[in-house]
Amino acid sequence: MQNRVTAVVTRFSYQFYFTRAMTVMENITYQLFDGKVILRVRDKVCTKPEHLLESNLFKEVLRRFIADLARKRSPLLSIFASLPVTDNDVDLLISTLKFLLKLPADLVPRLEPKAEQFFRDRSLLNEFIEQMYNFWRSLHRLIICDSVGDRLDKRPYRTFHDTVETLMHVVRSTYRDLQENITGNHPRIYRQVSAGAEIAAIALPRQFDLPEMVQSKVKDISVIRQVMIYPPMIYNSPMNKRKGEFERVDYNPLESIELTPENWLCYPAKVGPLLILVYFTMPFFELGFSLANLFELASDEDLNRAPDAVYLFGIPAFDPRSDNETIFFDDEANNLLVATIPYRDEYGYFGYLKKMVLTLHNIQMMKQGRLPFHGALMSIKLRDQDSATILVMGDSGAGKSETLEALRQIAGDDVEGITVIADDMGSLLLNNNHLLGYGTEIGAFVRLDDLQSGYAFGQIDRTIIMNPDQVNARVVLPVTRFEELIKGYPVNYVLYANNYEVVDATHPAIERFENAAKALEVFRSGAVMSKGTTASTGLVQTYFANIFGPSQYPHLHEPLAENYFRAMFDQGVFVGQMRTQLAINGYEQTGPREAARNLLELIRTRK
């Protein structure tokens, strides 16, 4: 049965499988692999249920569903007269379903006598259709609107309507017509679940101002110009935490690899003031498209400038010259950073995408004389007061984002507005002796457990949820506008997030440092109690709580840090530490809330 039902699969050169069933269904080609389906569309998808049932994609999904039932020894296979199920049986079932689109169950055997076997137990046949519908919906579904030779990106709404919306309508109509003709009844409750694609993108080839060797590797990979997602998206990635540091190497890792362009897409990300080209391989497409909730998608005008960095996530496995496979190369001659991470399950975690991008950002910022920070930056406007901008620095799991969200929850009527400038990374700039803060991301990648109760569910219609049943479950959701990231806010408070000390009489929730030397001692130590967001455990220390650039370039970062911290004290910026208590058992919710309450009171009483 295995040989007769399952699809022919061709193994590619690096550890994943693609179904090479590249067949046409109304100008559509498709790929099926590892619980994912990718449809490439040149014009419109099929517009009628009968077209859907006649397609090779439907037949392939049906075969895989039957194979899955056989593996489970499901009683649903009893709709067939005999087992194992043959290709002729599959063709007969499809022919029967075509009749069922238009005719009630009683009439179908009169036109197709061999179909009588499927109607011996109509309840079972109805359940078979129900479970096949669920099987289709269990696949992660992507539509790529291929804009080669046709600028579909100039009419994105019509393109998405003709593809995503049409496919969703056709799939649901097919499902409902079949069930109504099997049962003879109309549903009294209709649930408009997502049945088409979860993600759609318009993509087209694009040439960039890149060094010749780099350009030769990526020139034929399509670049995403518009994205449509149907949140909430919920999926489990192969890994749920990140480990290790990104290593600088003295060679360009792209020199020794070859790519298959149709297996890749490029997400051109605006990361603060920078343009970073993020290329991701299709088996990681859920991770790649989650970038849409985190980084602004670059405009056509942005793409006319030279990129600041190129990052390939999911390259073919190769033999690096170091033990570390998460690497980047600083092409100083071309002012370009090039980073790669190979396709392996151990790197199948969104943190590897996000943090490498931010590492590249931080390095470029240091080269431009800015001080990068690992922290949350927000501006708060109180009634009858000037806005106050607060920077909370600290390592992963220190309580930065959680305190910011708690502040939202407890804000009183005198709080006119809270603007998020940075949720994780950003940079500081000294401009005419004024300390200005900038962000990088329009979204947040936050631990689900550490959000205030109900917050993620209140935002679920915008949220991407990752590994919800595991430790370090995360959500990616938009939190601010790109214009706020690059505006440049004067910074009034700089605080280190201390998640491991209990607040008591001698350890206040917010403590001010007396001088730059004391502040640098605390910030430089980067102490944090691990929360399970990485492979580290216990109390750990990292240089400025930032292994994403500063630790690789201490010769650039250290003089910048000393200069900036001296300037903070010269300007009267409040510099101290805030005890979030996030890593203390029982204080996961109340700790950030108490810290936020003290911070809000500090702002209210400032002169």
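The model shown is predicted, which means the values in this text are computed figures rather than measured ones.
A salt bridge does not link Arg481 with Glu296: none of the charged nitrogens is closer than 4.0 Å to a carboxylate oxygen. A salt bridge is absent between Lys102 and Asp177: the closest approach of a Lys/Arg side-chain nitrogen to an acidic carboxylate oxygen does not fall below 4.0 angstrom. Using a 4.0 Å cut-off between a side-chain N of Lys or Arg and a carboxylate O of Asp or Glu, Arg122 and Asp106 qualify as a salt bridge. Residues Asp87 and Arg63 are paired through a salt bridge, judged by an N-O separation under 4.0 Å between the basic side chain and the carboxylate. The pair Asp68-Lys72 meets the salt-bridge criterion, since a charged nitrogen lies less than 4.0 angstrom from a carboxylate oxygen. Under a 4.0 Å N-O distance rule, the pair Glu54/Lys59 does not qualify as a salt bridge.
Checked against the 6.0 Å centroid threshold, Tyr133 and Tyr175 count as a close aromatic pair. A centroid separation of 6.0 Å or more is found between the aromatic rings of Phe313 and Tyr347. Aromatic rings from Phe328 and Phe246 are positioned such that their centres are separated by 6.0 Å or more.
Shortest non-hydrogen contact noted between Val475 and Leu477 is CG2-CD2, 3.7 Å. Between Met356 and Thr326, the shortest heavy-atom distance links the atoms CE-C, 4.1 Å. Annotation for Leu178 and Leu97: closest pair CD2-O, 3.4 Å, computed over non-hydrogen atoms. A pairwise comparison of heavy atoms in Met239 and Asp345 identifies CG-O, 3.1 Å as the closest pair. Of all the heavy atoms in Ala444 and Leu294, the pair that sits closest is N-CD1, 3.9 Å. Scanning all heavy atoms of the two residues, the minimum distance from Pro268 to Leu303 falls at CB-CD2, 3.7 Å.
Put simply, CZ on Arg172 and CG on Leu167 are 10.5 Å apart, with the number rounded to the nearest 0.5 Å. Atom-to-atom distance recorded for Glu286:CD and Asn236:CG is 10.0 Å, nearest 0.5 angstrom. Annotation: the span from Gln226 atom CD to Leu204 atom CG amounts to 9.0 Å, rounded to 0.5 Å. The CD1 atom of Ile341 sits 10.0 Å away from atom CD of Glu346, with the distance rounded to the nearest 0.5 Å. Here the CD1 atom belonging to Ile202 is positioned 11.0 Å from the CD1 atom belonging to Ile143, to the nearest 0.5 angstrom. Note that CZ of Phe128 is 11.0 Å distant from OG of Ser78, once rounded to the nearest 0.5 Å.
Under a 3.5 Å cut-off, the side chain of Thr260 and the backbone N or O of Glu262 do not form any donor-acceptor pair. Within the 3.5 Å criterion, the main-chain N or O of Asp162 finds no donor-acceptor partner in the side chain of Glu165. Under a 3.5 Å cut-off, the side chain of Lys36 and the backbone N or O of Pro283 do form a donor-acceptor pair. Without hydrogens or angle criteria, Ser95 side chain to Asp91 main chain gives no donor-acceptor distance under 3.5 Å. Arg344 places no side-chain N or O within 3.5 Å of a backbone atom of Gly314 that could act as its donor or acceptor partner. In this structure, Ser222 contributes its side chain and Ala203 its backbone to no donor-acceptor pair below 3.5 Å. No donor-acceptor distance shorter than 3.5 angstrom exists from the side chain of Asn240 to the backbone of Ala473, with no hydrogens or angles considered. No donor-acceptor distance shorter than 3.5 angstrom exists from the side chain of Arg206 to the backbone of Asp220, with no hydrogens or angles considered.
No side-chain heavy atom of Leu76 sits less than 4.5 Å from a side-chain heavy atom of Met132. When side chains are defined from C-beta on, Leu83 counts as touching Leu77, because their heavy atoms get closer than 4.5 Å. Annotation: side chain of Tyr267 is in contact with side chain of Leu297 (closest heavy-atom distance under 4.5 Å). With contacts defined as side-chain heavy-atom distances shorter than 4.5 Å, the pair Leu32/Glu60 qualifies. Side chains of His140 and Val37 form no contact here, defined as non-hydrogen atoms less than 4.5 Å apart. Val278 is not listed as a side-chain neighbour of Cys266, based on a closest heavy-atom distance of 4.5 Å or more. Residues Val476 and Thr463 have side chains not in contact (no heavy-atom distance under 4.5 Å, counting atoms from C-beta outward). Looking at Leu259 and Leu312, their side chains come closer than 4.5 Å, going by heavy atoms from C-beta outward.
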* To do: Start with the C-alpha gap between Lys400 and Leu582, add the side-chain angles, then the distance that decides, and say whether side-chain contact (heavy atoms from CB on, under 4.5 Å) holds.
  => CA-CA 10 Å; Lys400 308 179 299 293; Leu582 186 66; over 6 Å; no

* Please walk me through it: do Thr86 and Asn88 pass side-chain hydrogen bond (donor to acceptor under 3.5 Å, both in side chains)? -> CA-CA 5 Å; Thr86 67; Asn88 289 336; 4.9 Å; no

* Test log, rule side-chain contact (heavy atoms from CB on, under 4.5 Å), inputs Glu50 and Leu101 -> CA-CA 8 Å; Glu50 50 267 34; Leu101 286 175; 4.2 Å; yes

* Asked: For Lys355 and Met425, what are the C-alpha separation, side-chain angles and deciding distance, and is it a side-chain contact (heavy atoms from CB on, under 4.5 Å)?
  -> CA-CA 9 Å; Lys355 293 298 191 182; Met425 296 274 184; 4.1 Å; yes

* Asked: Under the ring-ring contact (aromatic ring centres under 6.0 Å, His included) criterion, do Phe285 and Phe280 qualify, and how do the steps go?
  -> CA-CA 7 Å; Phe285 80 70; Phe280 58 90; 8.2 Å; no

* **Step-by-step side-chain contact (heavy atoms from CB on, under 4.5 Å) determination, Leu360 to Phe548** => CA-CA 8 Å; Leu360 303 175; Phe548 310 106; over 6 Å; no

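Within 6.0 Å of OH in Tyr279 there are more than 12 heavy atoms belonging to other residues, nucleotides or ligands. Surrounding CZ of Arg120 are more than 12 heavy atoms belonging to other residues, nucleotides or ligands, all under 6.0 Å away. Within a 6.0 Å sphere centred on NE2 of His169, other residues, nucleotides and ligands contribute 12 heavy atoms or fewer.
For the pair Arg242 and Tyr349, the cation-pi criterion (under 6.0 Å, within 45° of the ring axis) is not fulfilled. Judged by the 6.0 Å distance and 45° axis criteria, Lys354 is not positioned over the aromatic ring of Phe445.
For Asp423, the salt bridge (charged side-chain N to carboxylate O under 4.0 Å, His left out) test picks out no residue, with sequence neighbours left out. Asn134 pairs by the side chain to side chain contact (heavy atoms under 4.5 Å, CB included) definition with Glu130, Gln131, Arg137, not counting sequence neighbours.
If you check the side chains of Ser237 and Asn467, you find a donor sitting under 3.5 Å from an acceptor.
Listed by first then second residue, pairs satisfying ring-ring contact (aromatic ring centres under 6.0 Å, His included) with a partner in residues 99-126 read Phe80-Phe118, not counting sequence neighbours.
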